[in-house]
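Below is one structure, written out as structure tokens, with a few remarks after it.
Chain letters run A, B, ... following the sequence lines, proteins first, then strands; residues in each count from 1.
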Amino acid sequence: NAGVTQTPKFQVLKTGQSMTLQCAQDMNHNSMYWYRQDPGMGLRLIYYSASEGTTDKGEVPNGYNVSRLNKREFSLRLESAAPSQTSVYFCASSGSRAPTNEKLFFGSGTQLSVL
Amino acid sequence: AQSVTQLGSHVSVSEGALVLLRCNYSSSVPPYLFWYVQYPNQGLQLLLKYTTGATLVKGINGFEAEFKKSETSFHLTKPSAHMSDAAEYFCAVSEGQAGTALIFGKGTTLSVSS
């Protein structure tokens, strides 16, 4: 039972390069999320998708784009990476359209460094 | 908009001592409250949650939390700390409406010494 799978686990980029972080869940969940984690800042929501076909901005969306490709997959794209985007990125999913009584399932994270 | 404040970025206790991690929230509607734990190099795992009903919530690994509306608090406690409890703990709040998402606090690192 894979749960939430993120790729890659590690990535180093140069300033200005682009890349896409991939996330897939096999639990038939409706909602998917992208968070970034920085020391002393906790987890901050970048974007989320409450259901297939919808996406919404979170707390820190600038510099990112997302695609909810289908119910399973939710990708995060950095069009022109900046050093401020150096972080650990977590994808998560939940069964309901809102995390009321449903817990979030997290992937193992992507450690991204932008030089 | 909702927000979460965790008091104390780092808490140190001795093995067998009481664990108390503090969380205060702000929400314009009755909140849904969560505590998550993160062990090194892993994603987050749910410890416990409060949605409605009983205000004292019991979770995994002997942890519990009490929702106090008058104090807008949801502090996490464990009567006796174990070395394996050393981790980072996050409090989170949701307004529970369709299409919304969890907002996390900045986290508290718990250290346990022998």
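- Heavy-atom distances place the side chain of A/Leu45, and not its backbone, under 4.5 Å from chain B.
- Of the two parts of B/Gln45, neither the backbone nor the side chain holds a non-hydrogen atom closer than 4.5 Å to a non-hydrogen atom of chain A.
- Using a 4.5 Å cut-off between heavy atoms, A/Gln6 makes no contact with chain B at all.
- At a 4.5 Å heavy-atom cutoff, the contact between B/Gln38 and chain A is made by side-chain atoms alone.
- Between A/Phe90 and A/Phe106, the two ring planes are perpendicular [angle over 60°; tilted spans 30° to 60°].
- Side-chain contact between A/Gln37 and B/Phe90: present, with at least one pair of heavy atoms (C-beta onward) separated by less than 4.5 Å.
- Residue B/Val11 forms a side chain to side chain contact (heavy atoms under 4.5 Å, CB included) with just one option from B/Val19, B/Val112, B/Leu110, and that option is B/Leu110.
- At most 12 non-hydrogen atoms from other residues, nucleotides or ligands lie less than 6.0 angstrom from CD of A/Gln111.
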